[in-house]
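Input: a single structure, listed below in structure tokens.
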Amino acid sequence: MDKLKNKDLILMNEALMYLSSKQTSAWFGVSKNIRAIKPHIEEINASKEDIIANLSQKDSEGKPMYVGEGQERRVVWTDEAEADKVWKELMEIPAAKVKWTSISEAKFGDVELDSFVVESLMDVVIVD
């Protein structure tokens, strides 16, 4: 696989969280990988918060402004194009090195998994 980027780590984290919700005998490897990726995801999230802090409109208390509720909640940007550009740049940065624990695909047994979700883990975490 090509060198991983931050966007790949985000997808892989989501896939690992999905796998952790399944009842498989791969739980140990999944948990080890979640633990390994966690500090890198926290770093990416901190960068996201910096983008919001620097490029969002602020309310009277100086806090970022949002519109909508729940999943529809969105940041109100001072310059949305610039925020998108900075976010895309962050996603393209080569990811920090992660010490992955390989998991044999056989460990997942007969549990039905969403192939689209776990695709990001193939050949990096999930192996033949």
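Small disclaimer: the values here were computed from a predicted structure and weren't measured. The analysis underlying the following values was restricted to heavy atoms, covering all of them including side chains, and did not include hydrogens, waters or symmetry mates.
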Check: Are Leu11 and Ile103 connected in the hydrophobic side-chain network, where two residues link if heavy atoms are under 4.5 Å apart?
Finding: no

Next item on the list: Supply the atom-to-atom distance Asn45 CG to Ile52 CD1, rounded to the nearest 0.5 angstrom.
Entry: 9.5 Å

Check: Just by distance, do the side chain of Lys58 and the backbone of Ala53 share a donor-acceptor pair under 3.5 Å?
Finding: yes

Note to self: With a 4.5 Å cut-off on side-chain heavy-atom distances among I, L, V, M, F, W and Y, is there a chain of contacts connecting Val67 to Met65?
What the structure shows: yes

Next item on the list: For side-chain contact (heavy atoms from CB on, under 4.5 Å), just list the numbers for Val30 and Lys22, CA-CA rounded to whole Å, side-chain angles, deciding distance to a tenth of an Å, and then say yes or no.
Entry: CA-CA 10 Å; Val30 170; Lys22 300 297 179 180; over 6 Å; no

Next item on the list: Is it possible for you to say whether Met12 and Met17 belong to one hydrophobic cluster, with membership spreading through side-chain heavy-atom contacts below 4.5 Å?
Entry: yes

Check: Does Thr101 offer a backbone N or O that forms a donor-acceptor pair with the side chain of Asn33 under 3.5 Å?
Finding: yes

Check: Measuring from Glu42:CD to Ile37:CD1, what's the distance to the nearest 0.5 Å?
Finding: 11.0 Å

Next item on the list: Count the heavy atoms of every other residue, nucleotide or ligand shown that sit under 6.0 Å from CD of Glu43, and state whether that count exceeds 12.
Entry: no

Check: Does the pair Val125 and Ser102 meet the rule for a side-chain contact (heavy atoms from CB on, under 4.5 Å), with working shown?
Finding: CA-CA 5 Å; Val125 173; Ser102 296; over 6 Å; no

Next item on the list: Quick one: pull up NE2 in His40 and CG in Asn6 and give me the separation to the nearest 0.5 Å.
Entry: 10.0 Å

Next item on the list: Calculate, to the nearest 0.5 Å, the distance between atoms CD1 and NZ belonging to Ile44 and Lys7 respectively.
Entry: 12.5 Å

Notebook entry, point to check: Would you call Glu89-Lys85 a salt bridge at under 4.0 Å N-O?
Noted result: yes

Next item on the list: Give a yes or no on whether Ile93 and Leu9 share a hydrophobic cluster (residues Ile, Leu, Val, Met, Phe, Trp, Tyr; joining criterion: side-chain heavy atoms under 4.5 Å apart).
Entry: yes

Item checked: Asn54 side chain vs Ile51 backbone, donor-acceptor pair below 3.5 Å -> no

Notebook entry, point to check: Say you draw a straight line from OG of Ser56 to OH of Tyr66; how long is it, rounded to the nearest 0.5 Å?
Noted result: 6.5 Å

Next item on the list: With side-chain contact (heavy atoms from CB on, under 4.5 Å) as the test, would you mind laying out the steps for Tyr18 and Asn13 before giving the verdict?
Entry: CA-CA 9 Å; Tyr18 165 78; Asn13 185 64; over 6 Å; no

Item checked: For the student: nearest non-hydrogen atoms of Ala95 and Lys3, plus distance -> O-NZ, 4.2 Å

Checklist line | Pairwise distance CD1(Ile126) to CD(Glu105) - rounded to 0.5 angstrom | finding: 8.5 Å

Next item on the list: Just jot down the side-chain contact (heavy atoms from CB on, under 4.5 Å) partners of Ser104, sequence neighbours excluded, or say none.
Entry: Ala106, Lys107

Notebook entry, point to check: Do Met91 and Ile10 touch side chain to side chain, with heavy atoms closer than 4.5 Å?
Noted result: yes

Margin query: Determine whether Leu55 and Glu82 satisfy the following criterion, side-chain contact (heavy atoms from CB on, under 4.5 Å), listing intermediate values before the conclusion.
Written below: CA-CA 8 Å; Leu55 297 173; Glu82 179 65 14; 4.1 Å; yes

Atom pairs and distances, donor-acceptor, side-chain atoms in residues 112-119, under 3.5 Å, two or more places apart:
residue, atom, partner, partner atom, Å
Asp114, OD1, Phe116, N, 2.9
Asp114, OD1, Val117, N, 3.2

Next item on the list: Find out if a path of hydrophobic residues (ILVMFWY) with successive side-chain heavy-atom gaps under 4.5 Å connects Phe28 to Leu19.
Entry: no

